[in-house]
Undergrad: 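So that we are looking at the same thing, I have put the structure below in structure tokens.
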Amino acid sequence: MHPSDQTIFALSSGRPPSAIAIVRVSGPQAGVALRLLAGMIPSPRTATRVLVREAGGGEPIDDAVVIWFPSPASATGEDVAEFHVHGSRAVLSALFVAFAKIENMRAAEPGEFTRRAFENGKLDLTEAEGLDDLIHADTDRQRRQALRQLKGLLGDKARAWRVQIIEAAALIEASIDFADEGDVPEQLVTPALAKIRTLLGEIEQVLAARGKSERLREGLVVAIAGPPNVGKSTLMNQLARREVAIVSPHAGTTRDIIEVQLDLDGYPVTLIDTAGLRETEDPVEQEGVRRARARATEADLVLWLVEGPHPADPTAALATVWGGRDKIDFTGGTVLTVRNKIDLDAVEARSRLDRVEFGISASRGDGLGELVAAIVGFAHEYFGTSQSGLITRERQRELLEDTAVSLRRSLEMIAIGEELAAEELRRAALSLGRLLGRVDVEDILDVIFREFCIGK
């Protein structure tokens, strides 16, 4: 039997133990499972309290609530049953054993419920990707972006664009059929070209608005870097609001990269504490310095922390450390220079602030509010107006770029021959079909759906 013809079941709520656990069943045997274990099939979409027993009127399993969603009016498009049981491991184990005894029923694979919904036309691939992003959202901004995608932000646009491409292709192909009818072809080609130009302009506008919505999924990477003993670990702990890094007066305490995930005003931020950048004979610390330099160059934002006589310019600081023999290339990201320990020498510190962007006391918390506000401001500028961003994944961007290329070629080819222009329009429609997951996407389905959790 093909896997899609089998009935699947899985826990769809949180990890046990819990007050209530929801177990979903999807497939042709969902109704059979209700009859055997609940003794009935309740009215559709009506929560009904029953005593769930082992098949054939055996031992009671739990006092539960069941809901019946007959196809096609269900989340997957198949017959679906939900068992709302008490969330103990013992109850769930007994229920799963009872399910496994029913013919052609098996435990679901990760993402299998959503994949069946996709295959049954309940959602397109962009909406499935939005659902995956919604499940994994850590911040409010990620949640809102994912929900917009799940509600068809990009999918609805792509469907409308595909319809317009097909209409334009039909006009051009009709002009080929009426080539011997005098001025009829021109009457057909002119509106087709106007439609293509308008459509190309819309897609190019979406591609040009690089609001970096794609990066909102992964978040902003902020690295705290600088010489040893300037308070990098202390600043890390202050920003994380907990002890995540060891603070010591001895240089070289931080040997490895320490990361913590933060939610700053709804923006996902990965904060990195790095080893102090200095020359050392210790091979372990040398590796820590190497990793620190690598992460600093890859970070979106570097907080270059200095204090005392250290140069405010990171390039000058490294020239001091290595005698001008080695430097970090910060061209990949933005650097905010932060002077720490301003509480130790307030008068001299104030005079130094002319050369730096922020003055803080990581130990006391002075100036941290302004620094956090600057990071949030950078994130807002970096991610752009994600409210209007249609593209959230690189796959989507690549297929829209392919669509735009084909539309441009169709405009160029029309002077050579209508047949060539029509072929480019078919390519454009194919790219949008792949974006929606309706044609030629088998090679990527497994990759996308295996990212889902079991039960979704």
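Below, each value reflects all heavy atoms present in this structure, side chains not excepted, and no hydrogens, waters or symmetry copies.
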Undergrad: Tell me whether Thr126 contacts the main-chain N or O of Leu436 through its side chain, where contact means a donor paired with an acceptor under 3.5 Å.
TA: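 Pair absent, no side-chain N/O of Thr126 close to backbone of Leu436.
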Undergrad: Which atom pair, heavy atoms only, marks the closest approach of Ala108 to Phe113?
TA: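 Result for this residue pair: CB-CE1, 3.7 Å.
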Undergrad: For the pair Arg408 and Glu204, find out whether any cationic side-chain nitrogen is under 4.0 Å from an anionic carboxylate oxygen.
TA: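 Looking at Glu204 together with Arg408, the answer is yes, because their closest N to O distance falls below 4.0 Å.
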Undergrad: What residues, two or more places apart in sequence or in another chain, satisfy side chain to side chain donor-acceptor pair (under 3.5 Å) together with Arg45?
TA: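 Scan of Arg45 (side chain to side chain donor-acceptor pair (under 3.5 Å), adjacent residues dropped) gives none.
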Undergrad: Indicate the atoms forming the closest heavy-atom contact of Ile67 with Ala47, along with that distance.
TA: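 Closest approach of Ile67 to Ala47, heavy atoms only: CG1-CA, 3.9 Å.
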Undergrad: Taking Glu129 first and then Arg395, would you say they form a salt bridge - that is, a charged N and a carboxylate O separated by under 4.0 Å?
TA: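 Looking at Arg395 together with Glu129, the answer is yes, because their closest N to O distance falls below 4.0 Å.
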Undergrad: Would you name the heavy atoms of Glu127 and Gly152 that are closest together and state the gap between them?
TA: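 Heavy atoms only, the tightest pair is OE2-CA, 3.7 Å.
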Undergrad: Applying side chain to side chain donor-acceptor pair (under 3.5 Å), can you list everything that pairs with Asp156, at least two apart in sequence or on another chain?
TA: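 Asp156: side chain to side chain donor-acceptor pair (under 3.5 Å) contacts with Arg159.
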Undergrad: Which class fits the ring pair Phe99 and Phe9: parallel under 30°, tilted 30 to 60°, perpendicular over 60°?
TA: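 The rings of Phe99 and Phe9 sit tilted, inter-plane angle from 30° to 60°.
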Undergrad: Taking only residues at least two apart or on different chains, which pairs with a member in residues 26-41 satisfy side chain to side chain donor-acceptor pair (under 3.5 Å)?
TA: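 For residues 26-41, and leaving out neighbouring residues, the side chain to side chain donor-acceptor pair (under 3.5 Å) pairs sorted by first residue read Ser26-Thr76, Ser26-Glu78.
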Undergrad: Would a 4.5 Å heavy-atom cut-off, applied to side chains only, mark Pro72 and Asn120 as touching?
TA: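 Of all side-chain heavy-atom pairs linking Asn120 with Pro72, none is under 4.5 Å.
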Undergrad: Does a salt bridge link Arg141 with Asp265, judged by any charged N lying under 4.0 Å from a carboxylate O?
TA: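 Here Arg141 pairs with Asp265 in a salt bridge, since their nearest N and O are under 4.0 Å apart.
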Undergrad: Is the shortest side-chain N to carboxylate O distance from Asp63 to Arg49 below 4.0 Å?
TA: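 The answer is yes: the pair qualifies as a salt bridge.
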Undergrad: According to the side chain to side chain donor-acceptor pair (under 3.5 Å) rule, which pairs have a member within residues 366-375, sequence neighbours left out?
TA: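 For residues 366-375: Arg364-Asp366.
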Undergrad: If I take atom CD1 from residue Ile375 and atom CG from residue Leu271, how far apart are they, to the nearest 0.5 angstrom?
TA: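 The CG atom of Leu271 is 7.0 Å from CD1 of Ile375, to the nearest 0.5 Å.
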Undergrad: Do Gln396 and Gln149 come close enough that some side-chain heavy atom pair is under 4.5 Å?
TA: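 Contact flag for Gln396/Gln149 side chains = yes.
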Undergrad: Does Arg434 pair with Glu398 as a salt bridge, N-O distance under 4.0 Å?
TA: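 Answer for the salt bridge query: no.
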Undergrad: Using side-chain heavy atoms (C-beta onward) and a distance below 4.5 Å, is Pro17 in contact with Arg89?
TA: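 Result yes, sub-4.5 Å side-chain heavy-atom pair found.
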Undergrad: Sequence neighbours left out, what passes side chain to side chain donor-acceptor pair (under 3.5 Å) with Glu424? Give chain and number order.
TA: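 None.
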Undergrad: Name all residues meeting the side chain to side chain donor-acceptor pair (under 3.5 Å) criterion together with Ser93; count only those two or more places apart in sequence or in a different chain, and write none if there are none.
TA: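 So Ser93 forms no side chain to side chain donor-acceptor pair (under 3.5 Å) with any residue.
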